[in-house]
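Numbers here are sequence positions counted from 1.
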Amino acid sequence: MYSILTIQKRLKEVLTKCLNECFQISVPDLKIDIPTHKQNGDLTCNIAMQLAKQLNQNPREVASKIISQLELPKSIAKVEMAGPGFLNFFFANQYLLGYLNEFSEHKFASKVSNQQSTIVEYSQPNIAKPLGIHHIITTVLGQSISNIGRFVGNNILSFNYLGDYGTQFGKLIVAIEKYNDKPVKDLSIQNLLDLYVRFHKEVETNPELEDLARKKSFALENSDASIKEIWELILDISRKDMQAVYDMLGGIRFDVVDSEAQRIPMLAELLEEGKKSGVFKVGEKGAFIVEYPEESNLPPLLVQRSDGATVYATRDIATVKNRIQEYQPAEILYVVDSAQSLHFRQFFTAAKMFDWYNPETQLTHLSFGRMSFKSMAMSTRKGQIVKLSDVIKESEQKVSDVINEKNPNLENIESVANAVGVGALKFAILNTSPGKDIIFDKEQMLSFEGNTGPYLQYTYARTCSIFRKLDQSVILSKDTNQEFSEQEKELLKKVTFFKLICQQSWDNRKPNILSAYLFELAQEFNSFYANHPILSADTPELQLMRIKLTKVVQTTLKQGLELLGIQTVAEM
């Protein structure tokens, strides 16, 4: 009854009825939004301005007629016209009181059992290399989008797609055979990186190593037993190291771990199908390519080299085929940086040329900005990689130093340092709009002031402190009819918007919409906390209302941070 989504739906219903009665018009995509400024009400609609041209009327006249005929639901106290014709709706006080008294946690309706899935692919590390700091963007962004998508009622399948095939493994195998004197099973992920770097150093004076690497890669693709044995040991080393870093980040989970290697059995059939249908055409020196219409402005896409070897684009097309046939998803969402935009346009277009492609499956590249570094460029070929595990450890240590200085008697300093240190990194990533580049600056990302993860975690810990001090005789389940101050009312309104914000975050595939909301909520709560005594309120009735208000803020912060993959702490 008190859900913001229910109110939004009810407003759409009464507006639709009113538009039909007043103008004999139906508007299927009617939008009810949260206004930018508080003085413009609690919800707003610009339908009058949309219809003005069609009706050949002044938008304010259209808005006035709507207002005169509109039957408001009980949750809305009034509607006002503003500016050129906005309809601004204001919540009724009884709705807010009812919301506060009924609230336990934010929930969405259960998923429909036969709902099509959305595949979200993220992280996508290459085997045989340590996870670098750049992996944090796709990993935490993809995980948060998956979390939010599930929360708002979607059937989400989280995929990790490992880069475990290709020429780079031929290079590594050459380096292992030529420059390594340890059993492969005893190598560390750092040893593998060092060998990869060694190959690229040696190839500068010995270019024929490149041909040897291509031959090893081709042998791997054709299941050469000795090469495959080395490759499988490399996989085992890499997966263990990768999982250890995911565990350090916390909250990273995949429903399916997919990989390029798993597509190899499909490639012969795909190549034959592509050649017969004319999707794959003969290019230079007997290679096969995909050619695109001139108006597409896409360059040809290589799918098979002249020596018969496939490339990762071939395996990407095969992966689309596999996922459509096995999962019949509504959407496949790839969370990959903007540098790969051309590649996605090319292989999406190529996949759609095949008969097996289902037009009902949307292929989406969620492009995010790249991460750059103030002091250096990162290249695994030269070994200049900032390890994600090292950055996590450094972040944790910084938090631990602050705690030991300011609150040395805190219990579980190590676990709190982990939650806050990792939370600072995640929030810095998720609080940035996916389209923007990120300059990696350790001091800025690990700052504990302003719009940061630790600020939100501290606000949550503050609410926990209030409840630790609360007299146990206070019964939170008891209803309150206490009137709100203006600041209390605005704080509660902010809480009511949570589910609408989550829906917007999912619809736009932007967790930063949720992170910005949580920061504003924390600001408003801390201002309320500074100006309104809670435990020492003037009357028991006032105390109860403020305690219940604190509880809904606490729950909202916890649920919101969990959707971002950030752990809360009761003390810090």
Side-chain angles (χ1 to χ4, degrees), residues 28-29 108-124 138-139 141-165 252-280 290 301 303 310 312-336 340-341 343-367 502-503 505-510 563:
D29 58 344
F108 271 76
S110 300
K111 293 191 292 285
V112 180
S113 59
N114 62 350
Q115 182 187 33
Q116 281 185 288
S117 61
T118 294
I119 291 174
V120 182
E121 182 197 293
Y122 54 99
S123 199
Q124 309 115 337
T138 173
T139 304
L141 180 59
Q143 186 64 63
S144 181
I145 288 170
S146 298
N147 294 345
I148 295 168
R150 288 189 185 96
F151 179 68
V152 302
N154 294 280
N155 182 15
I156 303 295
L157 291 174
S158 298
F159 274 60
N160 196 358
Y161 185 67
L162 307 181
D164 60 354
Y165 241 74
I252 307 300
R253 70 178 186 86
F254 304 99
D255 299 306
V256 179
V257 177
D258 201 1
S259 75
E260 290 188 70
Q262 293 178 45
R263 300 288 82 79
I264 299 305
M266 298 177 62
L267 296 184
E269 181 182 336
L270 180 71
L271 288 168
E272 182 181 359
E273 184 182 9
K275 293 170 185 178
K276 281 185 177 180
S277 65
V279 176
F280 298 161
V290 179
L301 176 68
V303 292
T310 59
Y312 71 95
T314 329
R315 298 185 281 276
D316 279 342
I317 295 170
T319 297
V320 174
K321 180 180 181 179
N322 170 262
R323 291 173 182 176
I324 287 176
Q325 292 180 340
E326 186 167 345
Y327 299 99
Q328 302 84 47
E331 181 182 16
I332 306 175
L333 180 69
Y334 297 82
V335 185
V336 181
Q340 296 295 317
S341 294
H343 171 70
F344 278 97
R345 287 174 58 212
Q346 287 177 301
F347 93 78
F348 282 177
T349 305
K352 292 174 183 178
M353 295 177 181
F354 285 90
D355 290 340
W356 47 256
Y357 175 73
N358 182 356
E360 293 182 3
T361 295
Q362 181 179 345
L363 302 178
T364 306
H365 174 207
L366 179 61
S367 171
C502 289
Q503 188 66 60
S505 293
W506 167 250
D507 291 343
N508 292 280
R509 309 301 194 260
K510 287 186 173 182
L563 291 177

Near Gln325 CD, under 6.0 Å, is it more than 12 heavy atoms from other residues, nucleotides or ligands? yes
Mind checking what makes side chain to side chain contact (heavy atoms under 4.5 Å, CB included) contact with [X], not counting sequence neighbours?
| X | result |
| --- | --- |
| Ser367 | Ser338, Ser341, His365 |
| Gln362 | Glu331, Thr364 |
| Ala261 | Asp164, Tyr165, Trp231, Ser259 |

Verdict with supporting geometry, Thr319 and Tyr161, side-chain hydrogen bond (donor to acceptor under 3.5 Å, both in side chains): CA-CA 10 Å; Thr319 297; Tyr161 185 67; 3.2 Å; yes
Of the non-hydrogen atoms in [X] and [Y], which two are nearest, and what is the gap between them?
| X | Y | result |
| --- | --- | --- |
| Val279 | Ala350 | CG1-O, 4.3 Å |
| Phe151 | Cys502 | CE2-SG, 3.9 Å |
| Asn160 | Gln124 | OD1-N, 3.0 Å |

Can you name the residues that form a side chain to side chain donor-acceptor pair (under 3.5 Å) with Asp255, not counting sequence neighbours? Arg150, Arg253
So which pairs with a foot in residues 344-358 pass salt bridge (Lys or Arg N to Asp or Glu O under 4.0 Å), sequence neighbours left out? none
Going by the salt bridge (Lys or Arg N to Asp or Glu O under 4.0 Å) test, which pairs reach into residues 258-271, not counting sequence neighbours? Asp258-Arg263, Asp258-Arg323, Glu260-Arg315, Glu269-Lys321
Look at the aromatic rings of Tyr334 and Phe347 and report parallel, tilted or perpendicular, splitting at 30° and 60°. perpendicular
Please work out which of the three classes, parallel, tilted or perpendicular, describes the rings of Phe354 and Trp356, given edges at 30° and 60°. parallel
Thr138 and Ser123: side chain donor to acceptor below 3.5 Å: no
